Asker: 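Sharing a structure here in structure tokens format.
As the structure is a prediction and not an experimental result, all values here were calculated from the model.
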Amino acid sequence: MDIPLSTIAVVGLGTMGTGIAEVLARAGHEVIGIDISEAAARQSVASLEAATARAVRRERITEQERSDVLARFRTFGDLRAAAQAELVIEVVPESYEIKQQVFRELDAVVSPTAILATGTNALSVTRLAAESLRPERVLGLHFFNPAPAMKLVEVVSSVLTAPPAVEAVTELARSLGKEPVAVGDRPGFVADGLLFGYLNQAAAMYEANYASREDIDAAMKLGCGLPMGPLALLDLIGIDTARTVLEAMYSASHDRLHAPAPVLGQLSEAGLTGRKSGRGFYTYTGPGSQTVVPDALTPRESAATAGGRTVRSVGVAGSGTMASGIAEVFAKAGYDVVLAARGQEKADTAKARIGTSLERSVSKRRLTAEARDETLARITAAGSLDALADVDLAVEAVAEELTVKQQLFGTLDKVCKPGAVLATTTSSLPVVAIARATSRPQEVVGMHFFNPAPAMKLVEVVRTVLTADDVHATAREVCVKVRKHPVDCGDRAGFIVNALLFPYLNNAIKMVEEHYASLDDIDAAMKLGGGYPMGPFELLDVVGLDVSLAIEKVLHNEFRDPGLAPAPLLEHLVAAGCLGRKTGRGFREYARR
């Protein structure tokens, strides 16, 4: 049955409520804005006036259309103004008491056929519905901030919600140019359910002094292509808001990954709630500002790269894609490079791969033909590790197996000259265990490049308890010289990126196992609601399910947290040989090439 939704009330005219009101009014709906604060109502009107004025200046709407939009938005200070609304969307503070009070008052005011929607992202829709006179008309309608720009809307049904109400708001979302995703009632729903667990882990990582706030944020932006780092995002969301969401998630899941990191509570209690207060994980020019200013925790540039060893020549051990990419990076930066493989044919094939990569850069006019030739001339392909005898830095990029890397480093220890820095590109193995395979563990450091190495800007520099200061400094200096961004982290499973990324991916798989949401809806939610370049299942299939499972096992074995145990569905797919794009089937099927 069709349910007309021409007149819509928005209760709560903060940032989110104002954004929703703007979207509705610009789409032609009569909007009744309600807030007990006259100042909030005035600010909401002013915001809509400013937004529509910008649209006129940019020639997206006419002056007449702007006048029509403004005329469709009226504000009131009393819930009785919602009497004629066919849909009411509440976006008041995240408190059961406040929301229940709003719903009780609305029950006495609105038509029996009106739909009541909560904009909560943390509280139980079922609990709110159960106390309403008409629970079948209560559902969740979760917009994302900023509402005018963000495409995702989560439509949340409880066990009490009538299907026609869901259909009506789903069609409304589509008419607004949004992408509605149908989800069930659980704290955080899809997007925030995955996002806030990841944010919480990042806060815990920072609290443990494992890495600096700048390095954690840079790692996730450069290593995963995210628009913001997790700590900066927590400041934007509001640390108190994040804590509330996580408390609700933990009360439902009892998963330690959702238990709010103590630092979130400490900052919240101190009033350091992020941008809105002017200080959170970072310090800002003032409340509401987005401009970060230096504070006592800001690293000093002058001390970042000092005291390293001289590096003129670099050896790369390996013949795969990563080895070729790393060799290309160093050669482009002017280093003499020896690319050593197990046999001359493998080495020549690896160098040819570099030639193909450089040729693509020439065809795209990112590189001159002369620079291509000079880069290739700097690379010597060798069929034995003996060719690395005189290099100043040796970087291994072989199979991600501890015994293989230990054997290789035992050989490098014998081959490489005294004083040479030995670096491993491992993404998950203990660097110190590799270092102990040599007689000079103080000269071993982790340099985790990301694939494809020529394009990805991040390098995780992993220092063990045995790594010498000048060796660590050398790795950082070299990263800067090859135009990569080094981030420091300690020698523990997953370092920064994988330690935060793979629990998030694992939790996405668990959502599918529990039949909570589909692959497509989860991928859409994270791309549209979280700004991720790829959805979790797209990414898993690209990375390889076997690689993902191996990293999950390493994380679980190191931290012994039940929440990090690999999802059974991932293990089953790997056992069946469904490894992702490389086999033509993973979470999805792919056309064979």
Side-chain angles (χ1 to χ4, degrees), residues 222-225 314-333 335 337-364 366-367 372 375-376 378-383 385 387-388 393-402 404-405 408 412 423-429 434 446-460 478-479 482-484 495 497-498 501-502 533-534 538-551 579-584 586 590 592-593:
L222 299 175
C224 296
V314 177
V316 180
S319 58
T321 302
M322 182 58 82
S324 299
I326 293 171
E328 179 181 334
V329 166
F330 280 107
K332 277 182 177 176
Y335 288 96
V337 178
V338 178
L339 180 54
R342 290 182 301 172
Q344 191 62 45
E345 184 178 351
K346 286 182 177 291
D348 290 339
T349 300
K351 183 173 179 178
R353 187 183 300 117
I354 297 171
T356 301
S357 173
L358 295 173
E359 190 58 47
R360 281 197 298 270
S361 295
V362 172
S363 66
K364 294 176 181 177
R366 295 173 181 167
L367 194 70
R372 172 202 60 201
T375 299
L376 274 176
R378 293 190 194 104
I379 301 172
T380 300
L385 292 176
L388 304 182
L393 168 65
V395 183
E396 70 78 13
V398 298
E400 189 72 351
E401 294 180 25
L402 184 58
V404 172
K405 291 185 186 289
L408 174 64
L412 292 176
T424 171
T425 62
T426 182
S427 64
S428 58
L429 301 174
I434 297 169
M447 291 181 68
H448 178 212
F449 287 78
F450 286 73
N451 200 24
M456 298 295 282
K457 295 295 184 184
L458 181 68
V459 177
E460 291 177 319
V478 164
C479 288
V482 299
R483 298 183 178 87
K484 300 299 181 186
F495 310 136
V497 173
N498 286 346
L501 175 64
F502 280 89
M534 299 178 76
E538 291 176 284
L539 183 56
L540 282 159
D541 279 353
V542 168
V543 170
L545 272 56
D546 51 341
V547 174
S548 301
L549 177 59
I551 294 173
L579 308 183
R581 287 183 179 269
K582 59 189 175 186
T583 61
Y590 302 89
R592 296 277 188 175
R593 292 187 177 180

Asker: Could you give the distance from OG (Ser427) to CZ (Phe502), rounded to the nearest 0.5 Å?
Answerer: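 Spacing of OG (Ser427) from CZ (Phe502) equals 7.5 Å.
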Asker: Quick check: do Met322 and Asn451 have side-chain heavy atoms less than 4.5 Å from each other?
Answerer: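 The answer is yes, as the side chains (C-beta and beyond) meet within the 4.5 Å cut-off.
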Asker: For Leu388 and Gly315, which heavy atoms make the closest approach, and how far apart are they?
Answerer: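 Where Leu388 meets Gly315 most closely, the heavy atoms are CD2-CA, 3.6 Å.
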Asker: Would you check if the side chain of Thr356 reaches a backbone N or O of Ala352 as a donor-acceptor pair within less than 3.5 Å?
Answerer: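 Answer holds: yes.
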Asker: Locate the shortest heavy-atom distance separating Ala397 from Thr425; write the atom from each residue and the value.
Answerer: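 Distance-wise, the nearest heavy atoms are CA-OG1, 3.5 Å.
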Asker: Specify the closest pair of heavy atoms between Leu545 and Gly586, including all atoms of both residues, with the distance to one decimal.
Answerer: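 Distance-wise, the nearest heavy atoms are CD2-CA, 4.2 Å.
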Asker: Spell out, as yes or no, whether a donor-acceptor pair under 3.5 Å connects the side chain of Glu460 to the backbone of Val497.
Answerer: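 Present.
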Asker: Quick check for you: to the nearest 0.5 Å, what is the distance between Leu412 atom CG and Thr424 atom OG1?
Answerer: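 Here the interatomic distance stands at 10.0 Å.
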Asker: Shortest non-hydrogen contact from Val329 to Ala453?
Answerer: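 Closest approach of Val329 to Ala453, heavy atoms only: CG2-O, 3.5 Å.
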Asker: Should the ring pair His448 and Phe495 be called parallel, tilted or perpendicular, given that the plane angle runs from 0 to 90° and is split at 30 and 60?
Answerer: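 It falls in the tilted class, 30° to 60°.
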Asker: As a test of understanding, state which of Val547, Asp541, Val542 forms a side-chain contact (heavy atoms from CB on, under 4.5 Å) with Lys582.
Answerer: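 Of the listed options, the one satisfying the test is Val547.
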Asker: Would you check, one step at a time, whether the test side chain to side chain contact (heavy atoms under 4.5 Å, CB included) holds for Ile551 with Val543?
Answerer: CA-CA 11 Å; Ile551 294 173; Val543 170; 5.6 Å; no
Asker: Using side-chain heavy atoms (C-beta onward) and a distance below 4.5 Å, is Phe450 in contact with Leu222?
Answerer: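 A side-chain contact is absent here, since even the closest heavy-atom pair is not under 4.5 Å.
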Asker: Give the intermediate values and the outcome of side chain to side chain contact (heavy atoms under 4.5 Å, CB included) for residues Met447 and Val459.
Answerer: CA-CA 6 Å; Met447 291 181 68; Val459 177; 4.2 Å; yes
Asker: If you measure from CG on Leu540 to CG on Leu579, what distance do you get to the nearest 0.5 Å?
Answerer: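 Spacing of CG (Leu540) from CG (Leu579) equals 12.0 Å.
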Asker: Could you report the tightest heavy-atom contact between Ala387 and Ala382, atom names first, then the distance?
Answerer: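 Distance-wise, the nearest heavy atoms are CB-CB, 3.4 Å.
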Asker: Looking at Arg372 and Leu358, would you say the former's side chain and the latter's main chain have a donor-acceptor pair under 3.5 Å?
Answerer: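 Such a contact is absent between Arg372 side chain and Leu358 backbone.
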Asker: Does some side-chain heavy atom of Val314 sit less than 4.5 Å from a side-chain heavy atom of Val478?
Answerer: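 No; the side chains remain at least 4.5 Å from each other.
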Asker: Kindly compute the distance separating CD (Glu396) from CD1 (Ile326), expressed to the nearest 0.5 Å.
Answerer: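 Output value for this atom pair is 8.0 Å.
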Asker: Tell me, yes or no, whether the heavy-atom count around Glu345 atom CD, taken from other residues, nucleotides or ligands under 6.0 Å, exceeds 12.
Answerer: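 Count not over threshold, so no.
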Asker: Show the nearest heavy-atom pair for residues Ala323 and Ala317, with the distance to one decimal.
Answerer: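 That would be CB-O, 4.5 Å.
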Asker: Mark yes or no for whether Lys484, through its side chain, and Met456, through its backbone, hold a donor-acceptor pair below 3.5 Å.
Answerer: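 Checked: pair present.
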Asker: Report the residues that fulfil side-chain hydrogen bond (donor to acceptor under 3.5 Å, both in side chains) with Gln344, sequence neighbours left out, ordered by chain and then residue number.
Answerer: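 With neighbours one apart ignored, the set is Asp348.
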Asker: With rounding to the nearest 0.5 angstrom, report the CD1 to NZ distance, Ile379 to Lys332.
Answerer: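 Answer rounded to 0.5 Å: 10.0 Å.
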Asker: Mark yes or no for whether Arg353, through its side chain, and Gly320, through its backbone, hold a donor-acceptor pair below 3.5 Å.
Answerer: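 Between the backbone of Gly320 and the side chain of Arg353 there is a qualifying donor-acceptor contact (under 3.5 Å).
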Asker: Using 0.5 Å steps for rounding, measure from the NZ atom of Lys351 to the CG atom of Leu376.
Answerer: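 Between atom NZ of Lys351 and atom CG of Leu376 there are 6.0 Å.
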